[in-house]
Amino acid sequence: MTETHELIKRILAGETAAFRSLILAYQRLVSHIVFRMVSNAADREDLCQDVFIKVYQNLGGFQFESKISTWIAKIAYNTCINYLKKKKVPLYDDLTATEESIENKFSGDDSSDAFALSSDINSRLQQEIAKLPVQYRTILTLYHLDEMSYAEISEVLGMPDGTVKNYLFRARKLLKDRLNSKYQVEELWQ
Amino acid sequence: MAVTHLSDQEIQEYFDNKRAALPRVAAHIETCQQCQAQLQGYQELYFALRYEPELSTRLDLADAIMENLKINSEEAFNLPIWLAFFGMIIGLAATLYLVGVEKVVNSLMALQTYFSIDWHVVSTINKYLSGLHLNLGLLAMAVFIIVMMSIIDHFVFQSRHKLISFFK
């Protein structure tokens with residue numbers, strides 16, 4: 001029996017300390033997804049809590065057909081999508097448009113003082129990521145921060161592998177082009 | 001002869017997995033300065049994307065979630081009480097429907113005998129207790145108030161917990 005099996009068995013037996021361990025192990029993953037998808041700071045922590053409460057309530061139905069991290073990430077993604085739908089945030093489910101139209105749609109306001117005052121690449125990058133469609137942001141986070149494979153991301157988002165790969169390439173290209181268009185390469189990557 | 005440079009996708013694929021790259025792509029990167037510059041740009045971007053911003057590293061969810069689950073389980077414990085209440089109403093309705101209203105009323109009338117015995121017992125007790133200067137009506141009222149306060153406290157306790165977890 002693997003460590004995860006053992007942990008889940010203990011949680012289902014009612015051991016609260018085991019569930020605390022699960023929270024500690026996966027709170028980083030959950031908060032990455034929630035913080036990247038939801039811009040309202042006041043709601044982020046509540047959403048993270050909601051995700052773990054759903055995990056607790058549905059753990060008995062977990063069939064070990066996927067990794068527990070993928071299963072938890074999927075709950076987090078769906079929770080955020082439902083929240084965004086409730087808040088009537090446009091999700092742009094169909095991102096099969098050309099790069100130019102996506103670029104125009106999500107270009108944002110470049111004249112903002114905040115952008116101009118950003119001193120380092122990380123703040124500039126975070127601001128640019130925030131302008132991307134929610135699916136692009138989530139894929140970037142899961143791939144680069146949480147080191148998930150295309151197959152795992154595809155399971156979390158409920159999209160084919162090819163779409164995930166395509167969105168990831170386009171998101172990175174958009175980011176690189178937008179950053180390069182605003183800054184000299186030397187200034188940007190110094 | 002015009003040089004065909006690598007596409008962004010080819011450069012990203014090369015960076016993602018150099019070992020799986022096509023020989024044509026690998027050979028072009030080796031010799032083309034323009035594509036090397038593109039590759040360098042992506043390398044920097046990949047590095048920056050791995051940087052964790054204010055994404056929540058200081059967030060400690062465990063205590064708040066455990067508190068939330070405790071309240072939820074208390075609420076879940078109340079459910080059977082409500083179920084029992086609804087079950088009682090449904091059961092009563094089903095009895096009236098299946099047995100017939102008239103028969104049920106007749107049965108209740110028959111119970112009057114037992115009630116009269118009960119009232120007889122109560123009045124006997126009252127007779128004995130009157131020597132102690134106790135008022136049964138007042139006592140019943142006190143018991144009723146205590147029960148009502150317990151029920152109210154039960155709900156207030158839950159609300160208090162919710163408020164505490166909200167302000168935490």
Side-chain angles (χ1 to χ4, degrees), chain A residues 14 16-17 19-24 26-36 41 44-46 48-53 55-57 99 120-130 140-141 143-145 147 150 165-166 168-177 179-180 185 188-190, chain B residues 5-17 20-21 25 33-77 79 161-168:
Chain A
T16 49
F19 188 59
R20 185 179 280 273
S21 307
L22 186 98
I23 296 169
L24 293 175
Y26 295 103
Q27 68 178 4
R28 190 171 163 266
L29 169 70
V30 169
S31 53
H32 281 165
I33 297 169
V34 172
F35 277 57
R36 193 62 99 198
R44 285 166 165 177
E45 195 169 330
D46 284 346
C48 288
Q49 288 190 36
D50 283 353
V51 170
F52 278 107
I53 287 167
V55 166
Y56 185 80
Q57 288 167 342
E99 276 171 26
D120 63 291
I121 174 64
N122 288 317
S123 350
R124 289 167 185 169
L125 187 64
Q126 296 317 315
Q127 286 165 29
E128 285 304 323
I129 290 174
L140 280 171
T141 304
Y143 187 85
H144 287 283
L145 266 181
E147 297 176 342
Y150 293 131
K165 204 172 171 182
N166 186 25
L168 184 62
F169 286 148
R170 284 160 73 170
R172 288 191 295 223
K173 185 175 184 313
L174 271 173
L175 281 179
K176 187 174 141 296
D177 290 349
L179 288 169
N180 283 344
V185 175
L188 188 63
W189 306 114
Q190 63 194 345
Chain B
H5 292 291
L6 298 175
S7 67
D8 277 88
Q9 182 159 342
E10 283 174 322
I11 294 172
Q12 287 188 44
E13 276 173 339
Y14 175 80
F15 195 80
D16 276 337
N17 192 353
V25 173
Q33 283 192 342
Q34 193 177 319
C35 288
Q36 277 174 17
Q38 288 282 338
L39 185 70
Q40 174 72 16
Y42 274 114
Q43 192 169 352
E44 302 284 2
L45 179 68
Y46 276 49
F47 182 76
L49 283 169
R50 275 205 300 271
Y51 169 80
E52 197 150 5
E54 40 84 50
L55 287 181
S56 62
T57 41
R58 60 199 146 69
L59 196 66
D60 184 12
L61 296 167
D63 286 338
I65 292 166
M66 298 313 284
E67 186 65 28
N68 235 326
L69 283 172
K70 197 176 148 195
I71 290 166
N72 284 350
S73 67
E74 276 171 10
E75 280 169 359
F77 183 73
L79 196 63
H161 257 284
K162 276 181 186 164
L163 275 174
I164 290 166
S165 65
F166 178 77
F167 285 111
K168 257 185 181 175

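Everything numeric in this text was worked out from a predicted model, so none of it was measured. Below, chain A is the first sequence line, B the second, and so on; all start at residue 1. Note that these values count all heavy atoms, side chains included, but never hydrogens, waters or copies made by symmetry.
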Applying a strict 4.5 Å limit to non-hydrogen atoms, the region of A/Phe169 in contact with chain B is both
Applying a strict 4.5 Å limit to non-hydrogen atoms, the region of A/Leu168 in contact with chain B is backbone
In this structure, OH of A/Tyr56 is separated from CE of B/Met66 (nearest 0.5 Å) by 7.0 Å
Taken to the nearest 0.5 Å, the spacing of B/Glu44 CD from A/Leu125 CG works out to 12.0 Å
In terms of heavy-atom contacts, A/Leu145 and B/Leu49 come closest through CG-O, 4.0 Å
Run the salt-bridge test on B/Asp16 and A/Lys165 with the 4.0 Å N-O cut-off and return the result as yes or no. no
Tightest non-hydrogen contact, residues A/Lys176 and B/Gly41, listed as CD-C, 4.3 Å
The reported gap from NZ in A/Lys173 to OH in B/Tyr42 (rounded to nearest 0.5 angstrom) is 6.0 Å
query = Is there a side-chain contact between B/Ile65 and A/Gln27 (heavy atoms, below 4.5 Å)?
reply = no
Nearest heavy-atom approach of B/Asn68 to A/Gln49 is ND2-OE1, 2.8 Å
